[in-house]
Enquirer: 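One structure coming up, written as structure tokens, with questions to follow.
A quick note: this is a predicted structure, and the numbers were derived from the prediction, not measured. Computed from heavy atoms alone, side chains included, the values below leave out hydrogens, waters and symmetry copies.
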Amino acid sequence: MTVLAQHTDTVTRDALAVLQPGFEGTTAPAWVLRLVGEGLTSVGLFGRNIVSAGQLSALTAQLRAERDDILVAIDEEGGDVTRLEVREGSSFPGNLALGAVDDTALTREVARELGRRLAECGVNLNWAPSADVNSNPDNPVIGVRSFGADTGLVARHTAAYVEGLQAAGVAACTKHFPGHGDTNVDSHHALPRIDVDLDVLQARELVPFRAAVAAGTKAVMSAHILVPALDPTRPATLSPQILTGLLRKELGYEGLIVTDGMEMNAIAGTYGIERGSVLAIAAGADAICVGGGLADEGTVLSLRDALVAAVREGTLPEERLADAAARVRALAEWTRRARPDAQPEGSRASGIGLTAARRALAVTGTPTALTAPYVATLAPVANIAVGDETPWGVAAPLVELLPGTTAGLYGEGAPAAEILAAAGDRTVVAVVRDAHRHPWMAEALDALVAARPDTVVVEMGLPRAEPRGALHIATHGASRVCARAAAEVIAGA
């Protein structure tokens, strides 16, 4: 039953306070501004909302004119997952590249500079970093978004990232609790499960989250995954045992618990977003993330009314909703008061991303001088978290460094003969992403290298396959700066 809120009573205001909705457009719609006035305390921004730093600043100022402590959240991991630079690629390498360098001071500095840019644009909550231990190399959704497969490495870099981001006055949201690394299913599409025992979870998945809690992370994001050793029936986002029992009580976490996107099929396709949102708050979540796919007023009102109805009917304790809303408001107040520490200056700040990307390269073979090669990008279908809006590959920087370079894009099924015909007598630069997960890609690479031993291979995903080609470069990510760093090696720049 829909509960119509003709005026914003306490329960209705609390229901609005726990929502983190998205919206369409590069300015705030009237319905968003109205709901902010009625109690909405957070919004989430996506690539569709951003065209430039100046426009983003104007948008956040528009929101802040309605509520000066509003939480403006974004999914800005850097690397492959970027919203600030969705149309050109990130100025920062992602987590895997930082883990490959394994310099926590560098990770801290990269996160602080990223946080500085967010804060400058009025964004104060970042749904990052990923603290997932990528123990399953076939994971279709984490991969380069993780610092790596080593638990200790992931833990120390998660803590460094949290510290760097929050030093810039931007709240970190460590994700995806209790760990999404050992899955082979993307929770955007279905409900993954992790079938390991408690000892493995304690020794592997939970270690980076303990480090994040110790580092003072202001928020933690739950995962839509089933972990039978913790709760055999409900995914983490909806599980009191996991959110309240494990995260709150055992790990001693006091900050904000945010859900992953509730419109993801792992929840929407099993519980529905209204029932799922009520169950999530009842389980111990404090904020409902929605808006990546559902970004309209009707969605927000239906979630608000579902929460209000659950309180009225006694299926959601009013105190639990009030506690969740209080945690949201407390974080909003922290961001309003937070002041960044001293920031890196000038050229070092602007160049830290490229510096990190260069340090992250793993080069096998000896670079030789090339003139105008042919770049063949073997492109898999992008996962939803990364999206297909953001360009990747080394063609653009190579055209800049080696004028006359030409390029082609090849999907699954494209034969090596087609690439060789297009290349003619030019050296082939074959660019791949997670070649170990895509048999068609590996087959094409083998054929190219067999026919043309001078082929250069650039792996921009997880470098699990054996290096092949006369020169093999693993970038540990597909951001713009990773591409630039690889192109410099190929061009001898």
Side-chain angles (χ1 to χ4, degrees), residues 1-3 11-12 14-22 41-42 44 127 173 175-180 183 185 187-194 219-251 253 255-294 298-328:
M1 182 182 76
T2 299
V3 175
V11 173
T12 302
D14 287 350
L16 282 170
V18 303
L19 302 179
Q20 292 189 348
T41 312
S42 314
W127 293 318
C173 182
K175 61 189 183 185
H176 308 79
F177 187 81
H180 207 311
T183 62
V185 172
S187 50
H188 290 89
H189 301 299
L191 179 62
R193 59 186 286 150
I194 295 181
V220 169
M221 179 177 282
S222 67
H224 303 329
I225 56 175
L226 191 67
V227 188
L230 298 173
D231 186 331
T233 58
R234 286 189 178 175
T237 294
L238 311 183
S239 170
Q241 293 97 308
I242 294 174
L243 298 188
T244 300
L246 178 58
L247 182 53
R248 286 273 184 240
K249 295 180 180 175
E250 185 178 327
L251 271 63
Y253 177 63
L256 190 76
I257 299 176
V258 184
T259 72
D260 206 345
M262 295 301 282
E263 68 269 45
M264 292 164 63
N265 208 44
I267 299 296
T270 52
Y271 293 85
I273 63 167
E274 291 89 356
R275 180 169 176 244
S277 295
V278 171
L279 291 173
I281 297 294
D286 305 304
I288 301 295
C289 175
V290 66
L294 297 172
T299 296
V300 179
L301 295 180
S302 71
L303 294 182
R304 177 201 67 184
D305 293 346
L307 291 166
V308 171
V311 170
R312 303 290 190 230
E313 294 161 3
T315 54
L316 174 64
E318 186 173 346
E319 317 79 68
R320 172 77 275 272
L321 180 62
D323 173 63
R327 289 182 192 275
V328 174

Enquirer: For residues I194 and G179, report the shortest heavy-atom separation together with the two atoms involved.
Expert: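 So the minimum-distance heavy-atom pair works out to CD1-O, 3.1 Å.
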Enquirer: Taking the side chain as C-beta and beyond, is there a heavy-atom pair between L243 and R248 under 4.5 Å?
Expert: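 With C-beta onward as the side chain, the pair stays apart.
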Enquirer: Closest approach of T270 and A266, non-hydrogen atoms and distance?
Expert: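 Answer, listing the atom of T270 first, then A266: OG1-O, 2.7 Å.
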Enquirer: Is M262 close to H224 at the side-chain level, that is, under 4.5 Å between some pair of heavy atoms?
Expert: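 Result yes, sub-4.5 Å side-chain heavy-atom pair found.
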Enquirer: For W127 and G44, which heavy atoms make the closest approach, and how far apart are they?
Expert: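 Here W127 and G44 meet closest at CH2-CA, 3.7 Å.
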Enquirer: So which heavy atom on I288 is nearest to which on S277, and how close?
Expert: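 Between these two residues, the closest heavy atoms are CG2-OG, 3.5 Å.
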Enquirer: Quick check: do R312 and V11 have side-chain heavy atoms less than 4.5 Å from each other?
Expert: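 They are in side-chain contact.
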Enquirer: Look up atom CG in L247 and atom CZ in F177, then write down how far apart they are to the nearest 0.5 Å.
Expert: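 Here the interatomic distance stands at 4.5 Å.
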Enquirer: How many angstroms lie between CG in L16 and CZ in R304, if you round to the nearest 0.5 Å?
Expert: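 Taking CG in L16 and CZ in R304, the distance rounds to 6.0 Å.
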Enquirer: Tell me if a side-chain donor or acceptor on Y253 pairs with a main-chain N or O of L256 at a distance below 3.5 Å.
Expert: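 Between the backbone of L256 and the side chain of Y253 there is a qualifying donor-acceptor contact (under 3.5 Å).
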Enquirer: Specify the closest pair of heavy atoms between G276 and L238, including all atoms of both residues, with the distance to one decimal.
Expert: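 Heavy atoms of G276 and L238 come nearest at O-CD2, 3.2 Å.
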Enquirer: Apply side chain to side chain contact (heavy atoms under 4.5 Å, CB included) to the pair I257 and R327, showing each step before the final yes or no.
Expert: CA-CA 9 Å; I257 299 176; R327 289 182 192 275; over 6 Å; no
Enquirer: Run the side chain to side chain contact (heavy atoms under 4.5 Å, CB included) test on V227 and R193 for me, step by step, so that the C-alpha distance in whole Å, both residues' side-chain angles and the decisive distance to 0.1 Å come before the verdict.
Expert: CA-CA 6 Å; V227 188; R193 59 186 286 150; over 6 Å; no
Enquirer: Tell me, do V328 and Q20 make a side-chain contact under 4.5 Å, heavy atoms counted?
Expert: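 V328 does not reach Q20 side chain to side chain.
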Enquirer: Taking the side chain as C-beta and beyond, is there a heavy-atom pair between L246 and L251 under 4.5 Å?
Expert: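 Yes. Closest side-chain heavy atoms under 4.5 Å.
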Enquirer: Under the criterion side chain to side chain contact (heavy atoms under 4.5 Å, CB included), I'd like the reasoning laid out for L307 against L19: C-alpha separation, chi angles, the key distance, then a yes or no.
Expert: CA-CA 10 Å; L307 291 166; L19 302 179; 4.1 Å; yes
Enquirer: Less than 4.0 Å between a side-chain N and a carboxylate O, is that true for R320 and D286?
Expert: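 Yes, charged N to carboxylate O under 4.0 Å.
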Enquirer: Any heavy-atom pair between the side chains of L226 and S239 that's under 4.5 Å?
Expert: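 Contact flag for S239/L226 side chains = no.
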Enquirer: Contact between I267 and D260 at the side-chain level, heavy atoms closer than 4.5 Å - yes or no?
Expert: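 When only atoms from C-beta onward are counted, D260 and I267 do not touch, as no gap falls below 4.5 Å.
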Enquirer: If I compare all heavy atoms of A324 with all of A285, which pair ends up nearest, and what's the gap?
Expert: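 Closest approach of A324 to A285: CB-O, 4.0 Å.
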Enquirer: T259 side chain to S222 main-chain N or O, any donor-acceptor pair under 3.5 Å?
Expert: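 The answer is no, because no donor-acceptor pair under 3.5 Å joins these two groups.
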Enquirer: With a 3.5 Å distance limit and no angle check, can you tell me whether E263 reaches the backbone of G292 through a side-chain donor-acceptor pair?
Expert: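 Confirmed, E263 side chain pairs with G292 backbone.
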